[in-house]
Each structure stands twice: as C-alpha cells, then as structure tokens.
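Below you'll find the structure, written out as structure tokens, and then a few comments.
All residue numbers in this chain count up from 1 along the given sequence. No experiment lies behind these values; they were computed from the predicted model shown.
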Amino acid sequence: SGLIEPRETVLVQPEIEGQAIKKLRADVGDVVMAGAVLAELSDRSLILQKGELVAAAAAARAAVAQAEAQILEAQATADEALRVNDRTRALKGQGTMSQAQADQAQAAATAATSRLSAATQGKAAALAQLAQAEAQLENVELQLRRTRVTAPVSGRIVTRNATVGAIASGAGLPMFTLIRDDRL
C-alpha cells in the first residue's frame, strides 16, 4: 500500500471578478486540454459598456475630423489676414493707408493666428479623447475575453468549487483544481 498524489496541481481562478458564473463546461473527472473553456462568466454589463465606448470613440473620431476642418479654415483665414497685414503695412509705408487701417489689419492677423492656434489645440484635445476612448475599449475587450475561464494546462479536473449563479472571485477557493497532464 502507498499514497498516490498528483505530481502537480494547478488552481484555476477567474481573471476578472464580480461577474456571475453563467455556464460551467467542465466537471470533476473531465480531462481537458490547455485553453479549453471551463466556465463562462456573465458578460452583459461589459457588452453594454463596450457599446458606450464604441459610441464615445466614434464621437471622438468625429471631433478630430471637425478639428482638422477647423484647422484648415483657420489656416486659410490666418494666411489671408497676414497677406492683408503685409499689404497694408507696405501701403502705409507709401503713405496711402492710415495708421488706424494698419492697426486694424495687424489686429485681424493676430486674431486669425490665435484662432489657428486654438484650432490646433482643439485637435490635440480631440486626439487625446480618442486615445482615451480606444484604450478603455481595449480594456473592456480584454475583460470580455476574460469572461471565458480557460484551463491554463492540460490535465484532469479533480475539484470544482464553481456553481452557476455564484459571483466569480479570485479570493477564496479556486473555481477548479487540475492535475497537470493527469500525472500522479
């Protein structure tokens, strides 16, 4: 007589917490391959969150396009205002323009240049919002992938603590315990 024990046991925990266990696909005694889905967690709230983030990313892309159009418009206005300012300065030097007209042309050029700067900063802000929305979307997609609890290694399931409807948690008992490669 003697003791038989697993050569290596592997504990399987969910990679995300707070989601209800929706479906169990494995039970004690099952031999599973690495990557096999052992359980599925609820993904409803994550799917809703993903929809919101897709909309936010689309809005941010639209804001970037709008900012680019504003930059083009502001650039054209600034170029024209600078040309008018240069012409006005030249004509004032010849004595055919008043100081008031020269001041007005210079103020218009300064204002147009400021609007161009503001439009450029608006595009930078829109790009930052887009990057933030895309990063949040990637995070939700990662969490969605993690709603599928998979076997990290091939082996035989020796314990199952998971029950449908329970909230998945990394604290406490593991969802499943495997004997790696079913080796004793």
Side-chain angles (χ1 to χ4, degrees), residues 12-23 25 34-152 165-171 175:
V12 180
Q13 297 280 37
E15 293 185 74
I16 61 171
E17 294 196 17
Q19 304 297 330
I21 299 172
K22 182 170 71 174
K23 188 183 289 185
R25 295 186 174 255
V37 177
L38 305 178
E40 294 178 20
L41 306 179
S42 175
D43 57 1
R44 281 186 176 186
S45 64
L46 293 172
I47 289 173
L48 291 173
Q49 190 176 2
K50 180 180 177 180
E52 291 172 358
L53 291 172
V54 166
R61 279 188 204 90
V64 169
Q66 184 179 15
E68 288 172 346
Q70 288 173 344
I71 288 173
L72 290 174
E73 181 183 345
Q75 182 68 57
T77 302
D79 290 346
E80 177 61 23
L82 290 172
R83 282 193 297 274
V84 168
N85 186 38
D86 290 344
R87 281 194 306 269
T88 303
R89 220 178 314 137
L91 291 173
K92 179 168 180 331
Q94 296 171 0
T96 58
M97 284 283 185
S98 68
Q99 181 63 41
Q101 290 171 319
D103 291 345
Q104 187 179 23
Q106 184 175 2
T110 302
T113 304
S114 296
R115 282 191 295 277
L116 176 60
S117 177
T120 303
Q121 291 172 358
K123 180 182 177 184
L127 285 170
Q129 287 177 340
L130 177 59
Q132 180 182 17
E134 288 176 340
Q136 289 174 333
L137 187 58
E138 284 180 32
N139 184 44
V140 167
E141 288 173 348
L142 174 64
Q143 289 181 12
L144 278 168
R145 286 191 299 275
R146 289 180 173 176
T147 60
R148 299 172 67 88
V149 179
T150 59
I167 303 299
S169 173
M175 291 180 75

request  = Could you check Val54 against Lys50 for side-chain contact (heavy atoms from CB on, under 4.5 Å), going step by step and ending with a plain yes or no?
outcome  = CA-CA 6 Å; Val54 166; Lys50 180 180 177 180; 4.3 Å; yes

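Judged purely by distance below 3.5 Å, without hydrogens or angles, the side chains of Gln101 and Lys92 never pair a donor atom with an acceptor atom.
Remark: side-chain polar atoms of Thr96 are paired, donor with acceptor, to backbone N or O of Leu91 under 3.5 angstrom. Judged purely by atom type and a 3.5 angstrom limit, Glu40 has no side-chain atom pairing as donor or acceptor with the backbone of Lys22.
With a 6.0 Å radius and a threshold of 12 heavy atoms from other residues, nucleotides or ligands, Gln136 has its CD atom above the threshold.
Here the OG1 atom belonging to Thr110 is positioned 10.5 Å from the CZ atom belonging to Arg115, to the nearest 0.5 angstrom. A distance of 12.0 Å separates CZ in Arg146 from CG in Leu41, rounded to the nearest 0.5 Å. Separation of atoms CD (Gln99) and CD (Gln106) is listed at 9.0 Å; rounding is to 0.5 Å. Note that CG of Asn139 and CD of Gln49 are 8.0 Å apart. Values are rounded to the nearest 0.5 Å. We find the CG-CD distance between Asp43 and Gln143 to be 11.5 Å, quoted to the nearest 0.5 Å. Annotation: the span from Ser169 atom OG to Ile16 atom CD1 amounts to 11.5 Å, rounded to 0.5 Å.
Contact of the Met175 side chain with the Pro14 side chain is registered, since non-hydrogen atoms from C-beta on lie closer than 4.5 Å. By the 4.5 Å heavy-atom criterion applied to side chains, Val12 and Val149 are counted as neighbours. For the pair Lys23 and Arg25, the minimum side-chain heavy-atom distance is below 4.5 Å. Residues Lys123 and Ile71 meet the side-chain proximity criterion, which asks for heavy atoms closer than 4.5 Å.
The minimum heavy-atom distance between Gln129 and Ala60, with the atom names listed, is C-CB, 4.0 Å. Shortest non-hydrogen contact noted between Ala109 and Ala81 is CA-CB, 3.6 Å. The minimum heavy-atom distance linking Ala112 with Ala78 is given by the pair CB-CA, 3.5 Å. Minimum interatomic distance between Thr147 and Leu46 (heavy atoms only, all atoms of both residues): CG2-CD1, 3.7 Å. Considering all non-hydrogen atoms of both residues, Gln13 and Gly170 come closest at NE2-O, 3.1 Å. Taking each heavy atom of Ala67 and Gly122 in turn, the nearest pair found is CB-C, 4.1 Å.
A salt bridge between Glu134 and Arg61 is present, with a side-chain N of the basic residue lying under 4.0 Å from a carboxylate O of the acidic one. Ion pairing of Asp86 with Arg83 is absent here, as no side-chain N (NZ or NE/NH1/NH2) approaches a carboxylate O to less than 4.0 Å.
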